[in-house]
Amino acid sequence: MTGHALLVLMVERNPAVIDLARHFLERYGFRTAFAEDGLAALSMAVELRPDVLITEILVPRMDGLAVCRQLKAHELTRAIKVVVFSVLHARERALAAGADAFLLKPVQEDRLLETVQQLLAIDG
Amino acid sequence: MERVSTGLPALDKVLGGGFPENSITMICGRPGTGKSILAQQMVFANAGPGRRAAYLTTLSEPFEKTLRYLQGISFYSEDLLLESILYRDLADGLTAAGLEGLLATVVGLVKEERPRLLVIDSFKAIGDLTGRSANYRSSLFELARLLSAYSCTSFWVGEYSEVDSGRPEFAIADGILELVNQKRGTRDERYLRVVKLRGSPFLPGEHSFRIGPDGLEVFPRSCLGATAPLDCGEELVPTGMTPLDALLSGGFYRGSNTMVMGPSGVGKTVLGLQFVAEAARRGENAVYLSLQEHPGHLRRTAGALGLRLEPEGGGQVRILYMSPVETLIDEVVFRLLEAVDQTAASHAVVDALGELAPASWDRSRYTGFIYSLNQALKARGVTAVVNYELAEQFRTDRLSQDCISNIADNVITLVYTPGATLGRGLRVVKARATVHSTRQVPFSIGVGGLSGIGAPDAGP
């Protein structure tokens, strides 16, 4: 299946995760952008208006949960779908912060794509 | 001097109360020795509201694996991690920016986050990558100065071995803690050793530890510490066997230790059960350390003989079972004394001491260990019976083959007596400060335990 040219913004510091996510997402037709810390992610979210933001919790300057809360608190960014994608077993905490979905690392291509597609209501 | 607790009371004891505050300690050891778990255990023990802690990884275990494994250990707390602990991967910065870049990052983190406790894991990787830099030593000194200035207790973790001891970080560090996983025959034994701790006393030597679901559990070396009080009381404690008390002129001195020696099946365990049942009957607590039989078996034996280990309105008997397989000799002492302290026990039985011999890879430590155990029990005023199995069925002329009977205050032998019907005989070989008979007297085992103990004859 081929996705639309939708934009996924990922907040992540691990180059290996970035490399894999870019590979999988772009192969399915998504555009990708990456931020290394929470504050950079917030400004990029306002500027780029991604369709989906995927964030690790443990990122510098502002953690992923705070990023999620900020996005959901503001009219301008509320519509951005947020996936918390973390090494921490923090599903409840992520959902409480307003995340639309939670995924546990490591990267599993099928689950990552399926989650993004479901959030964007893309048909198979 | 203020101390930073490790979160492990036993390790704090080794360190004289914990690591000195604001010190720099190197945690050294080969891969798999438990360095990172210990460091993280300390991070979680010290983090809390208003007390930030930081764990910085460099080029050892991938950051995400560190966190993944961490979540399976009981001391992990998501609340603490998200609210009071900074986990940060510095690997990319180290690779890209070198030593200066890394130090700048650490300095920035310390200034911004103000952690009271900081771990850098692996610190050795920094030296491996940048150690040839001309300013390596001066950069380390600058880092050490910064950490001291910001009131930060830090730990530099690394896979250092003996050959690395010339590295500048060893000279800069205030403390060095070495973790070892040593092959002993077919088993592995872990121990830790304080190599250096500036300005602080510590317990020297090898201290055993295990790694389990709760992290590290340390058992300080038992050949140290407690010394029995010099003022010995005159109180005699009944043994639960009236004829034996008669042989001993009233019983054991309170706080004494008695070694009961004899072959398998002769009645040592029954004597021990009688001893603790009598203590409970009088309202005193006791610990029965079994290195042979499971608690269920012991309770069944006691029940069959009519010995009540939990008499109504009386004291309690805690049966502490430890498998003799893979036993750490220091752990046995630790568990026994822990149980004694928890129950305020005044009586204890060790059944049987010989099971610990294989656990002591250093034979010279075995007698030291037994002496130390006795002293620790005496210091608590505990009256102890220690069973020891002899190979000979009928002879008792090799009591000191392990050089241990001389440590005991009292020595009682139980033997089989040959004949058409196998009999049993009891002899008080030694009873310090007691007028006693050394005649061997017959006994049998029945309801009530050791019974039919013959009366002492006219003289020794």
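Order of the sequence lines sets the chain letters (A, B, ...), proteins ahead of strands, with each chain counted from 1. Everything quoted here is computed from the prediction, not taken from an experiment.
Neither the backbone nor the side chain of L104(A) comes within less than 4.5 Å of any heavy atom in chain B. When heavy atoms are compared at a cutoff of 4.5 Å, R88(B) approaches chain A solely by way of its side chain, counted from C-beta outward. With a 4.5 Å cut-off on non-hydrogen atoms, L70(B) does not touch chain A at all.
Without hydrogens or angle criteria, R13(A) side chain to D89(B) main chain gives a donor-acceptor distance under 3.5 Å. Listed for the Q71(B) side chain is a donor-acceptor partner under 3.5 Å among the backbone atoms of H89(A).
Taking all atoms of both residues into account, the shortest heavy-atom contact from E78(B) to R93(A) is OE2-NE, 2.7 Å.
Remark: R52(B) CZ is packed, more than 12 non-hydrogen atoms of other residues, nucleotides or ligands lying under 6.0 Å away. More than 12 heavy atoms of other shown residues, nucleotides or ligands fall within 6.0 angstrom of atom CZ in R51(B).
Most heavy-atom pairs under 4.5 Å with chain B, from the set D63(A), L65(A), V87(A), N14(A): that is V87(A). When each of L109(B), L82(B), L81(B) is scored by its heavy-atom pairs under 4.5 Å with chain A, the top score falls to L82(B).
With a 4.5 Å cut-off on side-chain heavy atoms, Y87(B) and L88(A) do not count as touching.
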